[in-house]
Protein chains: 2
Amino acid sequence: MRRVVHPPADQITLATVLSALGDPIRLEIVKVLGDGQEHLQPDFVVPVGQSTLSHHMKTLRDAGVVLSRPEGTRCFVSLRPELEQKFPGLLDAVLRSTRPSAVERARADGGERRA
Amino acid sequence: MRRVVHPPADQITLATVLSALGDPIRLEIVKVLGDGQEHLQPDFVVPVGQSTLSHHMKTLRDAGVVLSRPEGTRCFVSLRPELEQKFPGLLDAVLRSTRPSAVERARADGGERRA
DNA sequence: TCCTTTAATCGATAATCGTCGATGATAGAT
DNA sequence: ATCTATCATCGACGATTATCGATTAAAGGA
């Protein structure tokens, strides 16, 4: 796998992180990574081509959101742990926000009786 | 003051909110609004012209982050309360992240003895 | 050595964004 | 009726971004 670079933790900025997260495709990627596991590109089911997905990955990597670990011909991706130190609770709040809330689930149910 | 429009709460999306917050100027605006009070444009000290500031305000408004309340010739701006219902804890996490953490303050102190 | 796989990079294109100065709209004051 | 203050809108510009298909790099397997 090709060489990939990560920014040092001290030059990760909030604006850049939020900007990186402010895209539906990248939000979906982060949502998948939210399980704390490492993932490969095929794990992210997004409606874009491979090169575009790779580009989004670079955006997240450059922003300091994800970590890319090349191994053999593959590249394992995970959430970058330093993010929690720098911006405590931020990623959690974002991940919680990607899940429908109780009131939204109720609204989606409409008037249905519970099964 | 001219008529301003706000999106209905149910069409505020996470990606759009994060994208709106992912800019240093707008982050500064939100930081000022973090005191929970209403503010006028002159309260935001940002290195851009008036028309650009107004444009950023529109971006935040369209994303559902802020509320604009025209009164007379002025326009009071505040954080939009529905945001907390939709994405609980998100704005708080962002606002906390705009403030330097304890470890960062210690680092900035360098080896200095405390006064 | 050649083939396959995975993912980064390149070059191109269209769309979006941040910025500015100028103008316009609205309300209040003189 | 005019002037002034506040802020939204307009038109233009350059910069950045999202996207694609094609290519390249690196490693593994045949």
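In what follows, chains carry the letters A, B, and so on, assigned in the order in which the sequence lines appear, proteins first and then strands, with residues in each chain numbered from 1. Note that the structure is a prediction, hence the values are computed from the model and not measured.
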message: Here's a test of your reading of the structure: between V77(B) and G22(A), which maps to the more 5' nucleotide of DNA chain D?
response: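 On the 5' side of the pair lies V77(B).
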
At under 4.0 Å, does any side-chain N or O of [X] touch on OP1 or OP2 of [N]?
| X | N | result |
| --- | --- | --- |
| T73(A) | dG28(D) | no |
| R61(A) | dA8(C) | yes |
| R74(B) | dT26(C) | no |
| R26(A) | dA18(D) | yes |

Kindly say whether, by distance alone, the side chain of [X] makes a donor-acceptor pair under 3.5 Å with the base of [N]?
| X | N | value |
| --- | --- | --- |
| S51(B) | dG21(C) | yes |
| R2(B) | dA25(C) | no |
| Q50(B) | dA8(D) | yes |

Side chains of [X] and [Y]: closer than 4.5 Å at any heavy-atom pair?
| X | Y | result |
| --- | --- | --- |
| F44(A) | L33(A) | yes |
| K86(B) | L90(B) | no |
| I12(B) | R80(B) | yes |
| P47(A) | I25(A) | yes |

Can you tell me how far [atom2] of [N] sits from [atom1] of [X], to the nearest Å?
| X | N | atom1 | atom2 | answer |
| --- | --- | --- | --- | --- |
| H55(A) | dT9(C) | NE2 | P | 12 Å |
| F44(A) | dA7(C) | CZ | C1' | 12 Å |
| H56(A) | dT17(D) | NE2 | P | 12 Å |
| L60(B) | dA8(D) | CG | C1' | 15 Å |
| L27(A) | dA18(D) | CG | C1' | 16 Å |
| Q41(B) | dT26(C) | CD | P | 17 Å |
| D23(A) | dA18(D) | CG | C1' | 8 Å |
| R69(B) | dT6(D) | CZ | C1' | 15 Å |

Tell me what P70(A) touches on the nucleic acid: a base, only sugar-phosphate, or nothing, going by heavy atoms under 4.0 Å.
->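 The answer is nothing, as P70(A) stays clear of every strand by at least 4.0 Å.
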
- [ ] Scan L53(A) against the nucleic acid and name what it touches under 4.0 Å (heavy atoms): base, sugar-phosphate only, or nothing.
- [x]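 Nothing, no nucleic acid heavy atom in range.
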
Report task. Measure from the side-chain heavy atoms of T52(A) and tell me the nearest of dA8(D), dA7(C), dT19(D). Result ->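 Nucleotide nearest to T52(A)'s side chain: dT19(D).
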
| request: Mark yes or no for whether S54(B), through its side chain, and Q50(B), through its backbone, hold a donor-acceptor pair below 3.5 Å. | output: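 Judged by distance alone, no pair lies under 3.5 Å.
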
